[in-house]
Amino acid sequence: MNPQVASEDNPYQAMQARLDLASERLGLEPNLISILRTCEREITISMPVVMDDGSVEVFEGFRVQHSTSRGPAKGGIRYALNVNRDEVRALAAWMTWKCAVVNVPFGGGKGGVVCDPFKMSKSELERVTRRYVTGIMDFIGPDRDVPAPDMGTDGQIMAWFMDTYSMHKHAYLPASVTGKPISLGGSLGRIEATGRGVMLCAREALKHLGMNPKECTTAIQGSGNVGMISALQLASTGIKVVAISDVHGGLYNEKGIDLAGLRKHMKVQRKLDGFDGGDRISNNELLELEVDILVPAATENVITSKNAAKLHARIIVEGANGPVTANADKILDDKGVFVVPDILANAGGVTVSYFEWVQDRMSFFWTQREVEERMERIMVDSFAATVDMAQRFGESNRIAAYMLGVDRVADTTRMRGIYA
Ligand code: NAD
């Protein structure tokens, strides 16, 4: 079975359509489905911020908590110009299902600020961040809602976040946010976690399909935290990375991209442009390359009903959240593409965020090896559980992952009952 939605580019509708299918296959009660289809709490704030030139700009910020049935809400904060409420709602719900798929004791939340972080100075970013934290302060905290980085945000922003929250609460509260620098209670292995999880899923998919990594190629859309680390991790298993991109376009080299050189270039330039280790291609051309593994690791809705039929990859590992629209699911299924869905493929990040939260609460820190081994076990088991569910129910990996996650959330929601 595959979903179809009216507005293909609305990720919240896409989430609900897939949830409906998974719920139907699980035989969930209609009351429960209507609870799971909606978000528990949605906060919208207007934030006047003094810019460096003395002018005042009013920024719009969101924090959405989709579910706290299994634990505190958990999910990143996105700084981008196209952030909007339905996107944040979808991202929050995906966090709920993702945390349940890997069975970490969190619900789902997400936040966003409508801004262009690349055009703002460091001090402007700091003022926006501190104002945002103050605006949502009453609804977050280590036991309520624990944010993390996402597109356009990083460890420095998480450090300001933790500092603002701690200052207002007159306490040292590192467990209020994850993805922090190590010196502030961050976890070893967190920066690499999402990309490493992508690599583990790709490795398991290849094993499942009987393919040899050393004979495989991959194209990666995006070269931020998830894209670049995925590229390095996949390359470390012998897979040849032939293409990578950023928002302005991609780079293709059939002999393999010089990732170390590219990384050095991007540290200085902050963009792919100007690196001359291959031919320039567009982001659309990158998606349609003849590669074994495609890793969309940038943003939503890049594989749609319009281009899905033109893809050549045998495997898609969704580093990004929501890169495939609901209407493209059937086309990929019919083509026999093995899709590792976002709520499994990029769950390495939240898994190590969970470890960070645990370490902060204990004030007892683990070695990188401990983090990596625990994370690998969770990712490998979750991959196996998803594929098993898909085979037992004759469903796609995506609907199987939803079934796995939704069933766990439905269980706690049912057991807790409806408080009235
Ligand atoms: P990032 O800001 O570090 O990098 C984003 C990358 O995507 C950049 O290379 C940027 O140039 C590119 N990009 C942005 N818009 C694009 C567009 N329209 N077309 C093509 N490329 C575009 O962000 P990130 O943390 O790497 O996150 C990427 C994706 O992974 C997002 O969907 C995010 O929600 C998801 N994700 C991130 C994490 C994490 O730990 N950072 C965890 C799970 C999921």
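Residues take their numbers from the sequence shown, with the count starting at 1. Numbering of ligands and ligand atoms starts at 1, following listing order.
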Asker: How far is atom 4 (O) of ligand 1 from its nearest protein heavy atom, and which residue and atom is that?
Answerer: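 Going atom by atom, the protein heavy atom closest to atom 4 (O) of ligand 1 ends up being Gly224 CA, 3.3 Å.
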Asker: Should Arg190 be listed as contacting ligand 1, given a heavy-atom distance under 4.0 Å as the test?
Answerer: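 Yes; Arg190 lies near enough to ligand 1 that a heavy-atom distance drops under 4.0 Å.
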Asker: Are any of the N/O atoms on Lys98, whether in the backbone or the side chain, positioned under 3.5 angstrom from an N/O atom of ligand 1?
Answerer: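 Between Lys98 and ligand 1, no N or O pair is found under 3.5 Å apart.
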Asker: Could you check whether atom CD1 of Ile191 has more than 12 heavy atoms from other residues, nucleotides or ligands sitting under 6.0 Å from it?
Answerer: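 Count not over threshold, so no.
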Asker: Considering non-hydrogen atoms of the protein only, which is the closest contact for atom 14 (C) of ligand 1, and what is the distance?
Answerer: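 Closest protein heavy atom to atom 14 (C) of ligand 1: Met151 CE, 3.6 Å.
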Asker: Identify the closest protein heavy atom to atom 11 (O) of ligand 1: which residue and atom is it, and at what distance?
Answerer: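 The protein heavy atom lying closest is Val247 N, 2.9 Å.
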Asker: Would you check the N or O atoms of Gln221, main chain and side chain alike, for any that come under 3.5 Å of an N or O of ligand 1?
Answerer: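 No: no nitrogen or oxygen of Gln221 is under 3.5 Å from one in ligand 1.
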Asker: Note the single closest protein heavy atom to atom 7 (O) of ligand 1, along with its residue, its atom name and the distance in Å.
Answerer: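 So the nearest neighbour among protein heavy atoms is Ala298 CB, 3.3 Å.
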Asker: Return the orientation label for the Phe355 and Trp366 ring planes: parallel under 30°, perpendicular over 60°, tilted otherwise.
Answerer: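 Tilted.
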Asker: Looking at ligand 1, would Glu300 count as a contact under a 4.0 Å heavy-atom criterion?
Answerer: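 Per 4.0 Å heavy-atom rule, Glu300 does not contact ligand 1.
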Asker: What is the closest protein heavy atom to atom 42 (C) of ligand 1, and at what distance does it sit?
Answerer: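 Sorting protein heavy atoms by distance from atom 42 (C) of ligand 1 puts Thr194 OG1, 3.4 Å first.
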Asker: Before signing off on this row, confirm whether Asp150 and ligand 1 have an N or O atom pair separated by under 3.5 Å.
Answerer: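 Between Asp150 and ligand 1 (N or O atoms, distance only) the closest approach is under 3.5 Å.
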Asker: Taking atom CG of Asp276 as the centre, report whether more than 12 heavy atoms of other residues, nucleotides or ligands fall under 6.0 Å from it.
Answerer: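 For Asp276, atom CG is not crowded (no more than 12 foreign heavy atoms under 6.0 Å).
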Asker: Among all the protein's non-hydrogen atoms, which is closest to atom 20 (C) of ligand 1, and how far away is it?
Answerer: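 Atom 20 (C) of ligand 1 sits closest to the protein heavy atom Asn283 ND2, 3.5 Å.
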Asker: What's the shortest distance from atom 26 (O) of ligand 1 to any protein heavy atom, and which residue and atom give it?
Answerer: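 Sorting protein heavy atoms by distance from atom 26 (O) of ligand 1 puts Val226 N, 2.9 Å first.
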Asker: Kindly list each side-chain donor-acceptor pair under 3.5 angstrom involving residues 172-185, sequence neighbours excluded, with atom names and distances?
Answerer:
{"residue": "Ser176", "atom": "OG", "partner": "Leu173", "partner atom": "O", "Å": "2.6"}
{"residue": "Thr178", "atom": "OG1", "partner": "Lys74", "partner atom": "NZ", "Å": "2.8"}
{"residue": "Thr178", "atom": "OG1", "partner": "Ser353", "partner atom": "OG", "Å": "2.8"}
{"residue": "Lys180", "atom": "NZ", "partner": "Pro174", "partner atom": "O", "Å": "2.9"}
{"residue": "Lys180", "atom": "NZ", "partner": "Val177", "partner atom": "O", "Å": "2.7"}
{"residue": "Lys180", "atom": "NZ", "partner": "Glu356", "partner atom": "OE2", "Å": "2.6"}
{"residue": "Lys180", "atom": "NZ", "partner": "Asp360", "partner atom": "OD2", "Å": "2.7"}

Asker: Looking at non-hydrogen atoms alone, which of Val302, Thr299, Ile343 comes nearest to atom 17 (C) of ligand 1?
Answerer: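 It is Thr299 that holds the nearest heavy atom.
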Asker: Check this for me: Met137, atom CE, are more than 12 non-hydrogen atoms of other residues, nucleotides or ligands nearer than 6.0 Å?
Answerer: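 Enclosed.
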Asker: Nearest heavy atom to atom 25 (O) of ligand 1 wins, so pick from Val198, Asn225, Asn82.
Answerer: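 It is Asn225 whose heavy atom sits nearest to atom 25 (O) of ligand 1.
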Asker: Among Asp154, Thr153, Thr129, exactly one meets side-chain hydrogen bond (donor to acceptor under 3.5 Å, both in side chains) together with Tyr79. Which residue is that?
Answerer: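 When side-chain hydrogen bond (donor to acceptor under 3.5 Å, both in side chains) is applied between Tyr79 and each of Asp154, Thr153, Thr129, only Thr129 qualifies.
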Asker: Under 3.5 Å, is there a donor on one side chain and an acceptor on the other for Thr194 and Asn225?
Answerer: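 Distance-only check fails for Thr194 and Asn225.
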Asker: Could an N or O of ligand 1 be found under 3.5 Å from any N or O of Gly152, whether backbone or side chain?
Answerer: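 Between Gly152 and ligand 1, an N or O pair is found under 3.5 Å apart.
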Asker: So which heavy atom in the protein is nearest atom 32 (O) of ligand 1, and how far is it from that ligand atom?
Answerer: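 The closest heavy atom on the protein side is Asn321 N, 3.1 Å.
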Asker: Using 30° and 60° as the class limits, which term best fits the ring planes of Trp97 and His66: parallel, tilted or perpendicular?
Answerer: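 Trp97 vs His66 ring planes: perpendicular.
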Asker: Cut-off 3.5 Å, side chains only: do Lys310 and Asn284 have a donor facing an acceptor?
Answerer: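 Distance-only check fails for Lys310 and Asn284.
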